[in-house]
Amino acid sequence: MTEQEKIELIADALELEPNEISLETQLADLTEYDSMAKLSIIVVMDEEFDKKLSGEEMAKFSTIGDILEFAG
């Protein structure tokens, strides 16, 4: 899976267009990054990347790049 495809999955989870985010996008700056979006990202990690993501791990993320780095 390409980096762009990963960004598209995360954008979809955040209900954003892929061109609205980049690796450097700060999660704190996104009004869409709420509890429902976090749950969506957890589901994406499980279903698309076969990664188990906990709330504690997610709390460490500050950028979109951090999420994608976790995804591998």
Side-chain angles (χ1 to χ4, degrees):
M1 180 176 297
T2 68
E3 184 175 280
Q4 184 59 37
E5 290 170 327
K6 292 176 184 178
I7 287 175
E8 289 171 8
L9 286 172
I10 299 303
D12 188 51
L14 296 173
E15 298 183 358
L16 294 168
E17 294 299 320
N19 64 345
E20 295 180 272
I21 60 172
S22 69
L23 295 177
E24 296 81 24
T25 300
Q26 294 291 317
L27 298 171
D29 293 342
L30 297 172
T31 57
E32 296 83 2
Y33 191 65
D34 58 11
S35 58
M36 290 304 293
K38 291 174 185 177
L39 287 174
S40 294
I41 290 171
I42 289 171
V43 170
V44 167
M45 287 297 137
D46 185 37
E47 292 179 354
E48 299 292 333
F49 301 103
D50 199 27
K51 300 267 185 162
K52 300 295 181 196
L53 177 60
S54 69
E56 294 83 28
E57 290 168 314
M58 183 168 277
K60 297 175 188 174
F61 298 158
S62 60
T63 66
I64 297 293
D66 294 338
I67 297 171
L68 295 185
E69 185 177 322
F70 179 85

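Residue numbers run from 1 in the order of the sequence given. All values below were derived from every heavy atom in this structure, side-chain atoms included, with hydrogens, water molecules and symmetry-related copies excluded. Everything numeric in this text was worked out from a predicted model, so none of it was measured.
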Shortest non-hydrogen separation from A71 to K51 and the atoms involved: O-CE, 3.5 Å
Spacing of E69 atom CD and K6 atom NZ [to the nearest 0.5 Å]: 10.5 Å
Chi angles and distances behind the side chain to side chain contact (heavy atoms under 4.5 Å, CB included) call for I10, L16: CA-CA 8 Å; I10 299 303; L16 294 168; over 6 Å; no
I67 side, atom CD1; I21 side, atom CD1 - distance, nearest 0.5 Å: 8.0 Å
Check ion pair D46-K52 (N to O, under 4.0 angstrom): yes
same_hphob_cluster(V43, L9) at 4.5 Å side-chain heavy-atom cutoff: no
Euclidean distance, E8 CD relative to N19 CG, rounded to 0.5 Å: 10.0 Å
Point-to-point distance, once rounded to the nearest 0.5 Å, from CG of L53 to CZ of F61: 5.0 Å
D66/L27 under side chain to side chain contact (heavy atoms under 4.5 Å, CB included): CA gap, chis, key distance, verdict: CA-CA 10 Å; D66 294 338; L27 298 171; 5.9 Å; no
Gap between atom CD1 of I7 and atom CG of L23 - 0.5 Å precision: 4.5 Å
Greater than 12 external heavy atoms within 6.0 Å of M1's CE: yes
Nearest-0.5 Å distance that lies between atom CD in E24 and atom CG in D29: 12.5 Å
Minimum side-chain heavy-atom gap L68-T63 below 4.5 Å: no
Neighbour count >12 (heavy atoms, 6.0 Å) for atom CD, Q26: yes
Flag if over 12 foreign heavy atoms under 6.0 Å of CD, E57: yes
Exercise: identify the closest heavy-atom pair between V44 and A13: CG2-CB, 4.1 Å
Atom CD of E3 with >12 non-hydrogen neighbours under 6.0 angstrom: no
Polar contact flag, side-chain donor to acceptor under 3.5 angstrom, Q4-T2: no
